[in-house]
Each structure stands twice: as structure tokens, then as C-alpha cells.
K.L.:
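Take a look at the following structure, please.
Computed from a predicted structure; not experimentally measured. First the proteins, then the strands, lettered A, B, ... as listed; each starts at 1.
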2 protein chains.
Amino acid sequence: MIHDNNHNRYSLYKSRIERQLSRLIERKTPVCVYEPIDYVLKAGGKRVRAVLTLLSCEAVGGTQRRALPAACAIEILHNFTLVHDDVMDNSPLRRGRATVHTKWDTNVAILSGDELVAYAYQSLLKTKSSSFLALMTSFTNAFIEVCEGQGFDKEYERRSDVTLDEYLLMIEKKTARVISAACELGAIAGNGTRREIQALRTFGEAIGMAFQIQDDVLDITATEQELGKPIGGDVMEGKKTYLLLRALQRATPSQRTVLERVVHKHNIHKRMVQQVLHIYEETGALDDARYRVIDYTSVAQNALKQLQFGKSVAMLRWLSQRLLERNS
Amino acid sequence: MIHDNNHNRYSLYKSRIERQLSRLIERKTPVCVYEPIDYVLKAGGKRVRAVLTLLSCEAVGGTQRRALPAACAIEILHNFTLVHDDVMDNSPLRRGRATVHTKWDTNVAILSGDELVAYAYQSLLKTKSSSFLALMTSFTNAFIEVCEGQGFDKEYERRSDVTLDEYLLMIEKKTARVISAACELGAIAGNGTRREIQALRTFGEAIGMAFQIQDDVLDITATEQELGKPIGGDVMEGKKTYLLLRALQRATPSQRTVLERVVHKHNIHKRMVQQVLHIYEETGALDDARYRVIDYTSVAQNALKQLQFGKSVAMLRWLSQRLLERNS
């Protein structure tokens, strides 16, 4: 019952964001800028970052309305990163549709991505808050770090000596930082106390880390049906995931030989996926990753204890639990 | 003597900006982000936008120091546009050095360009001003429009029916808007009155327009020595400049045949440059463009009459005159 209520409430928040997003940008020309922006912002997605902003605002006693411009700003910033990352990663598809540089071209993707950043700031500027400087600073710092995260990610693709600590720093910047900023912005917009703002930032960062490591785990443990794509994609691409880097720390010489092939993207076959999965199990890397996800989730849920506004806090807790228990 | 004083003063302003720029960014990793940023920000250039911000602040009675973060922000925004535009235009050189995507690669240029925007905002956030929202809004609007300007520019490359009005709108957004924002930001940071802010914005916009049309004129009337590159580059590239679009309005059928070859980038030879120059002279397009430059410059100089602080206003006037009289 609580579950259903939360689901329904989530849908309400999401549609509020969709509505606001659809109103934000009125211009139509140049077409090569505004058509792709429209395409991107209407692509849907869970809008989880924006929902987190709204909930964080309520969790410190603010109204949803106060946080709506900041929620859209963070959602637009996230979409900007997707458009530019897809160019850099040469990805043809996003949410089952052609990416911007595939549907149009690279120039259009660069330019419409840039314009998305400008509109993210424009949306943020609509926030009515006495802590305007804090809002802008939080947002800008997240923007700086998400670019750094992408930079590390690209550098790690070419390196074969990436450490687990480097990986954790990278996902902190690339994935967790925008999520923690989403929560922080909501708390600032809702005039939260310093302690509340810090608590929500910690919550966001911890669920961001949990989310990414859970992603690494699901990529090789989910079923193809759950995932909507072949499992073991990370192995096939030679991605340096939490699992791979942790397993390397504990591998026997013969296990290491297999893992090194993934690291060096050398001679990777589809049948290696099962072999690598077994190594992840045997070395304990898989258990360790699952433990980390649970651990980050409990850090997140503990942070919520600093907050008072029951209903929204309960929903933040529910969200963090859902991320933990998802299959895809 | 005044001339020399202004020159010396300009150099002082410029070195202050260079110093501030070199202090702004302390981080070094990821290297693929911070090396190109360092390369770009140390490339020099006239820093005219940033100097305009400082002078505009002084022209409303503010101190230089108040406008320094905004001056750097606008300079960084300008450099971001250069990095991304160079990718889109496939330009190998900028200020005599390899462009970022040539020296590194396209991904590095996209990502370090993005990070430049983040640092532009971070710099702007350092401004101590009671009109913080106005500053952020002015900056963000300029950012939105400069992207639009680039979008129109790219669209016009593929169209053969671009009108002169469309061209003027494009250069207003792509070139003049950042210059007018540079002046506006300085006036806001210096706590100028609404009238003073508007006057400086008008000044910036007018010199921006004059600057771009003067560029179009010099490309075909300067000597190769003055220009530092072969003259008539715009003709060779089939660029739809003020001169070309104005000449098309007035061309005889036989002149039109020549100009249409430029528009359609069809069979353009080096010896056509002189032929096209004659058409620009015969149709009066060249005189008209020169008149426009003078006209915009006088709009700019008239706007300065709204301002009181003599020394800086005189220097703004001197700068607008220099742009008018330059040979390259």
C-alpha cells in the first residue's frame, strides 16, 4: 500500500517536472539548436534527479514549487552530459532512440548540448531564494566535477593500471556528484539548515555511488530480459568496473590472465562473460560490490535521520531502497 | 600622447586580466581537461571583451577590482565559443597555433570547452555585487544567444537564400552579444544606474556590429601583409558576408552570375577575388558597408554621452575609434 502510494506520488512529481520542462524553452530557431533540444527533453527517462530535488526541498520543510526551477536545471544539466558523452563515447542509442549526433550530426550535438547548459542556468535563475549564491555555487561545482568525471572516464579507457580508488573517485564525480547536487539544491531552495543541506548532500552522494556500483553488478548478474540488452556488455567493452578492478586485486595468476585480456581489450569473446562472472564470484569481488551497495545505501538512509519532515523523508528512503533492490 | 597613454593603460588592464585568469584554475587533473584549458587561456589575444568589462565598470564609477571576476568570466565564455566553433568549423589554426581538436582530438575539445563554461560561471560567482541576479541573467542570456548565433551561422552555410537582415541578426547574436554583455556586466558590477547599464549595453552591441562588418570589409580590402593571410578568404570559402548579401541586392544580371557562384560555392577560383571586389565597388556594397561601420561606431560613441566618468569613457571612445580605423 505504502509502495503504491509512493509510486503514484512519484508519477505526480515526474509529470510536474515534465510539464515545467516543456514550458521552459519557447524559441524555435535556429532549428538546428532547438529541434534537438526538444527531442532530448521529451525523451522521458525517470527524472530521478529532478524528483530528488523536489523531495529534498520538502524534506527540509519547503514547498515543491520553490524547488521546481532548480529541479529542471539539474535535469537539463544531466541531459546535456548525456548528449555530449554520447558523442565522446560514440553511442548510437539512448533510451531506445537515436542519439543526437546520430539523428543529426556531431556539430548539432555539440551546439545543442552547449545550449542546454545555458538553459539549465536560465532555469536555475528562476528560483526564488535568499540563498541564491549558494544555489549557483552548488550547481556550478557539480558542473565542474561532472566534466572532470567524464575526463577521468575517458582517460581510464586508455589506461591499463587504473586503481579501485581512482575508479571510485571517477564515479563520485561522474555519477554521484550531480545526484548529490540535486539533493543539495533542493535543500538550499527549501531554506534548509546547514546540517540539513549537508545531510541531503551526503544522502545524494551515497545513493549515487550505490547506483553506479549496482549498475556494474547488474550488467553481469541480471538476465538479458531484465536488462533489455545482452548481459556482460561491460566485459565485452573492456570497461574497468568496480567488479573488474576489485577482482584484479584478489585474482590468482590464472584468473589474472583472463582479467588482463578484458583490461587490455585483447581477444574478448562472448563466452568469456561467464568465465569472468565466475572469477568475480570466486574472488569475492561480486559479494564485495554487493556489500558496498548495501553499505552506501545505509549511509544514505542514516543521513536521512537528520531530517524531520516525515512524508518526504520516507519517500527518499523508499527511493534509495528501490535503487538497491532493482533488477535493471 | 593621449594615444600612447591609452595604449599603456590598455596593456595594464590586459595584464591584470591575464594574471587573474592564470590564478583562476588550480586543478591539474584530469589532464585531458586541464591541459587544453591551460593552453587556451594562455594563448593570449587582445582580451578586448574583458578590458571592456573593466572600463565599463569604471565608466559608471566602480573600481576595476569589482569587475575583474566578471571580466574573466566573459573572456572564458568567449574562449569556450572559440574551442567549440573551431571543432564545428573544422579550423586547424587559431592565433597561429593548432586548435584544441587538432592538437588533441574532438572529444578533448568538446569536454574542455564544456569545462570552460563551468569555470566562466565560477569566476562570475566571485563578483561582489548587490545585483547578483542581474549579472547572472545578463551573462546567461548572452550565452544562450551566442549559441543561437553559431546555429544560424551553420544553417546559413547550407542555405543560398540568406537575406541581409538574417545576416545582421546572426552577427548580432554571434559576435555583438558577447561584447554587449561584456559592457553590461561591467556596468552592473559597478552599480551603474539602469540608464548607464543600457547605454553601455548599446555601446557594446554597436561596436560589436561595427567590428564584424569591418572584418568582412578588411578580408577583401586589406593587404595580405596587414591581414597575415591571403585576402579574399571569405570569397574563397563562399561565406555569406555583409558585402556579398548587399551586393546581391544591387547586382546586374551579369554581376549576379558571378556572385551566385560564390553563394553556391561553385567553381570558385582565386582570380575571382578581384572580380568580386570590383562588383562590391561597382554595386556600392563596399561603400555601404563602410558607411554602416561608421554609423554603428557613431551610435556607440553617442551612447557614451550618457556616462560621466571621463577618463574611462574617453578610453572606451578611443577603443571604438581604434576598431574603426584598424587595418587588420
K.L.:
At a heavy-atom separation under 4.5 Å, does Val31(B) approach chain A through its side chain, its backbone, both, or neither?
P.N.:
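For Val31(B), backbone and side chain are both near chain A.
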
K.L.:
Could you state the interatomic distance from CG (Leu125(A)) to CG (Leu133(B)), rounded to the nearest 0.5 Å?
P.N.:
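The CG atom of Leu125(A) sits 6.0 Å away from the CG atom of Leu133(B).
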
K.L.:
Are Val33(B) and Phe152(A) side-chain neighbours, meaning at least one heavy-atom pair lies under 4.5 Å?
P.N.:
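In short, these two side chains do not touch, never coming nearer than 4.5 Å.
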
K.L.:
Asp85(A), Thr140(A), Ile144(A): which one forms the most heavy-atom pairs within less than 4.5 Å of chain B?
P.N.:
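Most pairs with chain B among the choices: Ile144(A).
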
K.L.:
Pick whichever of Phe132(A), Phe139(A), Phe143(A) has the most heavy-atom pairs under 4.5 Å with chain B.
P.N.:
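Answer, by heavy-atom pair count under 4.5 Å with chain B: Phe143(A).
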
K.L.:
I'd like to know if the side chain of Glu155(A) and the backbone of Cys32(B) have a donor-acceptor N/O pair within less than 3.5 Å.
P.N.:
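The answer is yes, because a donor-acceptor pair under 3.5 Å joins these two groups.
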
K.L.:
How many angstroms lie between OH in Tyr121(B) and CG in Asn141(A), if you round to the nearest 0.5 Å?
P.N.:
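With rounding to 0.5 Å, OH (Tyr121(B)) is 14.5 Å from CG (Asn141(A)).
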
K.L.:
Looking at Val87(B), Thr29(B), Val146(B), which makes the most heavy-atom pairs under 4.5 Å with chain A?
P.N.:
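The option with the most such pairs is Thr29(B).
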
K.L.:
Out of curiosity, Gln122(A) CD to Thr137(B) OG1, how far, rounded to the nearest 0.5 Å?
P.N.:
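One gets 8.5 Å once the value is rounded to the nearest 0.5 Å.
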
K.L.:
Who wins among Met170(B), Arg27(B), Lys173(B) for the most heavy-atom pairs under 4.5 Å with chain A?
P.N.:
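Between Met170(B), Arg27(B), Lys173(B), the count favours Arg27(B).
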
K.L.:
Please indicate whether Arg65(B) has more than 12 foreign heavy atoms, meaning atoms of other residues, nucleotides or ligands, lying under 6.0 Å from its CZ.
P.N.:
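No, because the 6.0 Å sphere around CZ of Arg65(B) holds 12 heavy atoms or fewer from other groups.
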
K.L.:
More than 12 heavy atoms of other residues, nucleotides or ligands under 6.0 Å from CZ of Arg95(B): is that the case?
P.N.:
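More than 12 within 6.0 Å, yes.
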
K.L.:
Can you give each donor-acceptor pair under 3.5 Å made by side-chain atoms of residues 106-119 of chain A, sequence neighbours left out, with the distance rounded to 0.1 Å?
P.N.:
residue	atom	partner	partner atom	Å
Asn107(A)	ND2	Met88(B)	O	3.0
Ser112(A)	OG	Val108(A)	O	2.7
Asp114(A)	OD1	His84(B)	ND1	3.1
Asp114(A)	OD2	His84(B)	ND1	2.7
Tyr119(A)	OH	Tyr34(A)	OH	2.7

